[in-house]
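Since the structure comes first, as C-alpha cells, the remarks are kept for the end.
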Amino acid sequence: MSKIEISLPRNCGLYTATEFDEYCQKAVAAKETLLQGKGNDFLGWTTLPQARDTAMLQSIKEDAARVESNSQLFVVIGIGGSYLGARAVVEALRSELQSLCPNQNAPLVVYAGHTLSEDYYSQLLQVLDKYHYSVAVISKSGTTTEPAIAFRIVKNHIEKKYGKQEARQRIFAITDAQKGALHTIATNEGYKRYIIPDNVGGRFSVLTPVGLLPIAAAGIDIDQLMAGAADMLKTCTQMPPQQNPALQYAAIRNLLYQKGKKVEMLVSFLPTLRYMSEWWKQLYGESEGKDHKGILPHSLCFTTDLHSMGQYVQDGERHLFETLISVEKAHTHVEIPFDEQNLDGLNYLLQKSLNEINHCAEQGTTIAHTNGGVPVVKIQMPEISAYTLGQLIYFFEFACGVSGYMLGVNPFDQPGVEAYKKNMFALLGKPGYEDLRKTLEN
C-alpha cells in the first residue's frame, strides 16, 4: 500500500448504508463548493502541491543547508498555524530521542512564541547561550502578542551574541508580502524574507514557507512532502466517494455528529504523532467551531493514555467517536529478549517485534471500544515518511474544508479568537483599551 486509506466504523449500529450514501452525496456537493471557491479568499492551499514554486523550494533548501552548516539549533517563533504544522512533521520524523543522539547532521528545531511562560524563556535563553543557532520568525502581522514578545527577546539575544551584522544572516522572516510590522522590520534590517500567501490561512499554511523552511532545516525532504500532498490532491479532487478518503471522512464524521457523537478523538499508537494531533485539533476546532456548532476535537496517545483515559473511553458518556491513525510499518526492529527466570511472564512474546505487539494492542483496543459503543474510523498509513505525511496533511485539510461546508459554516474564518485578546490587552493597559479595562475591573 503506497497511500493512506480509510476504513469506516464496523458493527456500530448507528447508521445504515443508505444514510452513509446520502452523506457521501452531501460531501460531493460540499467538495464542488470548495473547488469553485465562490465568495472565499482563503482557498490558495487547495492548489499548493500542484502549483509548486520551484524557485522558492530551491531557495528554502539552500537556506536550510546554510543553517545546517552554521547552527546546532533552529528556533522557530510562531503560534497556532505558524508552527504547529511544521512541528507535526518534524517531530513525526525527528523524535525527541533522536535529538539526544550525537552526530546528527541537521540542527535541532526548538520553538518559541507559542507560550508566555517566563520560566520557558529563561530556560531557552540559557540554551541559546551554549549553542550556535538561527531563527525563523513567522507572523503575517508581526503584532500577534506571543510571537512578537518572543522575537523581541530572541532578537536581543542573537544580536548580543553575534553582533547585528551576523545576526541578520541568521534570521529569516516569514510574513506578509507588503505590509505589517514584521514585514517592516525585515525590510529595514535586511533579513531574508519568505512570503505567507494572502489566500492561505494560518492553519492551512504548512505547505507554504511557514512549514517548509523549518521542516527543511530539520533535514527532511520537502520535495517528498510536496509529492505526497500532490498525489493526495488528485485523489481528493478527482476520485468518487468510493475511492476518496477525504469525502468518506467528511461524510462519516458529519453523520456521526448528527447521531449524537459530539467529540472526536484522534488517536494513534505512536508518540511521534503527538503534534500531528495538535495540528489537527487546531485545523478542525478553528474551522468548524462556530455558530454553536461543531465536533469537539480531542486527542489521545495509546497505549500510554489507555492507562489514564481508557476507563472513560470504554465506559463513560457515549458522546464520542475515535479516528485512529494506524501505521503499518516501523523503521526499526526490536524484539523481546529471552529471560531464563521469566518472572514477568513475557517469554511467550519471544521473537515478536514491538511493532507486532503494538498492532495487537491497537486491534484489541479497537474491538473493545467498538463493542463499548465508540465507533472507530481508521486511517491506514503504510509508514511514517515525508511522502506519507504530505498525503496525510492534504487529506486532513481537504476533508476539513468539505466537512465545514457540510456543517453549514465558513471553515476559513475564525471570528471567535479575538475575544480573549481584547480582554488581555485591556488588563495589560494597552492604549485604546481603557474603557474595556474599566468594565473588566468593575
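Note that the structure is predicted; figures quoted are calculated from it, not measured. The analysis underlying the following values was restricted to heavy atoms, covering all of them including side chains, and did not include hydrogens, waters or symmetry mates.
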Flag yes if more than 12 heavy atoms outside Lys161 fall under 6.0 Å of its NZ atom; otherwise flag no. yes

Straight-line distance of Gln248 CD to Leu255 CG, nearest 0.5 Å: 12.5 Å

Glu362 side chain to Ser326 side chain, donor-acceptor N/O pair below 3.5 angstrom: yes

Answer whether the closest heavy-atom distance between the side chains of Phe269 and Ile325 falls below 4.5 Å. no

side-chain contact (heavy atoms from CB on, under 4.5 Å) between Lys192 and Arg168, intermediate numbers included: CA-CA 8 Å; Lys192 177 67 175 289; Arg168 290 189 184 101; over 6 Å; no

Is it the case that over 12 heavy atoms from other parts of the model lie below 6.0 angstrom from the CD atom of Gln363? no

Nearest non-hydrogen partners of Arg94 and Ala218, listed with the distance: NE-O, 3.2 Å

Using distance alone, with no hydrogens and no angle criterion, decide if Thr187 and Thr184 have a side-chain donor and acceptor under 3.5 Å apart. no

Without hydrogens or angle criteria, can the side chains of Glu62 and Gln58 be said to hold a donor-acceptor pair below 3.5 Å? yes

Closest non-hydrogen atom pair between Leu247 and Lys31, with its separation: CD2-CB, 3.9 Å

Distance flag, aromatic centroids of His157 and Tyr133, threshold under 6.0 Å: yes

State, yes or no, whether a side-chain contact exists between Met276 and Leu389 at a heavy-atom distance under 4.5 Å. yes

Are there over 12 heavy-atom neighbours, none belonging to Lys179, within less than 6.0 Å of that residue's NZ? no

Quick one: do Thr235 and Asn244 satisfy side chain to side chain donor-acceptor pair (under 3.5 Å)? Show the steps, please. CA-CA 6 Å; Thr235 297; Asn244 193 319; over 6 Å; no

So how far is it from Leu34 CG to Phe412 CZ, rounded to the nearest 0.5 Å? 5.0 Å

Are side-chain N/O atoms of Glu264 and Thr323 paired as donor and acceptor at under 3.5 Å? yes

Taking the six-membered ring for Trp, are Tyr394 and Trp45 parallel (under 30°), tilted (30 to 60°) or perpendicular (over 60°)? tilted

Return yes if a side-chain donor-acceptor contact under 3.5 Å exists between Thr370 and Arg10, otherwise no. no

When the ring centroid of Phe395 is compared with that of Tyr249, is the distance short of 6.0 Å? yes

Is the number of heavy atoms from other residues, nucleotides or ligands under 6.0 Å of Gln351 CD greater than 12? no

Do Val137 and Phe172 come within less than 4.5 Å of each other through their side chains, counting heavy atoms only? no

To the nearest 0.5 Å, what is the distance between CD (Glu159) and CD1 (Ile171)? 6.0 Å

Can a donor-acceptor pair be found between the side chains of Ser71 and Tyr131 at a distance below 3.5 Å? no

How close do Lys155 and Glu189 get, counting heavy atoms only, and between which atoms? NZ-OE2, 3.8 Å

Is it true that the side chains of Arg203 and Ser287 contain a donor and an acceptor less than 3.5 Å apart? yes

Locate the shortest heavy-atom distance separating Ala250 from Arg253; write the atom from each residue and the value. O-CG, 3.5 Å

Could you check Lys293 against Val409 for side-chain contact (heavy atoms from CB on, under 4.5 Å), going step by step and ending with a plain yes or no? CA-CA 8 Å; Lys293 299 178 182 178; Val409 301; 4.0 Å; yes

Rounded to the nearest 0.5 Å, what separation is found between the CG atom of Leu93 and the OG1 atom of Thr272? 8.0 Å

Full working for side-chain contact (heavy atoms from CB on, under 4.5 Å) between Val377 and Ser7: CA-CA 6 Å; Val377 180; Ser7 299; over 6 Å; no

Determine, for Glu19 against Lys259, whether the closest basic-nitrogen to carboxylate-oxygen distance falls under 4.0 angstrom. yes

Donor-acceptor side-chain pairing of Ser141 and Asp176 below 3.5 angstrom: no

Between Leu266 and Lys281, is any pair of side-chain heavy atoms under 4.5 Å apart? no

With the side chain counted from C-beta on, respond yes when Leu256 and Pro375 share a heavy-atom pair under 4.5 Å apart, and no when they do not. yes

Determine, step by step, whether Leu35 and Phe398 satisfy the side-chain contact (heavy atoms from CB on, under 4.5 Å) criterion, reporting the C-alpha distance in whole Å, the side-chain angles of both residues, the deciding distance to 0.1 Å, and the verdict. CA-CA 10 Å; Leu35 294 179; Phe398 196 89; 4.0 Å; yes

For the residue pair Val327 and Leu273, establish whether any side-chain heavy-atom pair is separated by less than 4.5 Å. yes

Cation-pi, Tyr23 ring and Lys26 (6.0 angstrom, 45 degrees): yes

For residues 49-86, the ring pair (Phe, Tyr, Trp, His ring centres under 6.0 Å) pairs (sequence neighbours left out) are Tyr83-Tyr111, Tyr83-His114

Check this for me: does any side-chain nitrogen of one of Glu166 and Arg170 sit under 4.0 Å from a carboxylate oxygen of the other? yes

Report the distance from atom CG of Leu392 to atom CD1 of Ile384, rounding to the nearest 0.5 Å. 7.5 Å

A quick test of your reading: do over 12 heavy atoms of other residues, nucleotides or ligands sit less than 6.0 Å from OH of Tyr120? yes

Donor-acceptor contacts under 3.5 Å from residues 219-233 side chains, at least two apart:
{"unit_1": "Asp221", "atom_1": "OD1", "unit_2": "Asp223", "atom_2": "N", "d": "2.9"}
{"unit_1": "Asp221", "atom_1": "OD1", "unit_2": "Gln224", "atom_2": "N", "d": "3.2"}
{"unit_1": "Asp223", "atom_1": "OD1", "unit_2": "Lys61", "atom_2": "NZ", "d": "3.4"}
{"unit_1": "Asp223", "atom_1": "OD2", "unit_2": "Lys61", "atom_2": "NZ", "d": "2.8"}
{"unit_1": "Asp231", "atom_1": "OD2", "unit_2": "Tyr387", "atom_2": "OH", "d": "2.5"}

Between NE2 of His183 and CD1 of Ile185, what distance do you get to the nearest 0.5 Å? 11.0 Å

Which pair of non-hydrogen atoms, one from Gln391 and one from Ile4, has the smallest distance, and what is that distance? OE1-N, 3.0 Å

Counting only heavy atoms not in His132, do more than 12 sit closer than 6.0 Å to its NE2 atom? no

Taking every non-hydrogen atom, the tightest pair across Val206 and Ala86: CG2-N, 3.9 Å

Hey, is the main chain of Glu383 close enough, under 3.5 Å, to the side chain of Thr388 for a donor-acceptor pair? yes

Can you check whether Asp413's main-chain N or O pairs, donor with acceptor, with Lys290's side chain at less than 3.5 Å? yes

Heavy-atom count around Phe396 CZ within 6.0 Å, excluding the residue itself: above 12? yes

Ring centers of Trp279, Tyr275 separated by less than 6.0 Å: no

Can you find a heavy atom in the side chain of Pro382 that is under 4.5 Å from one in the side chain of Lys329? no

Check each of Val89, Ile174, Leu57 against Leu212 using the side chain to side chain contact (heavy atoms under 4.5 Å, CB included) test, and report the only one that passes. Leu57

Please confirm whether the backbone N or O of Ala368 pairs with a side-chain atom of Gln314, one donor and one acceptor, at under 3.5 Å? yes

Thr365 side chain near Phe302 side chain, heavy-atom distance below 4.5 Å: yes

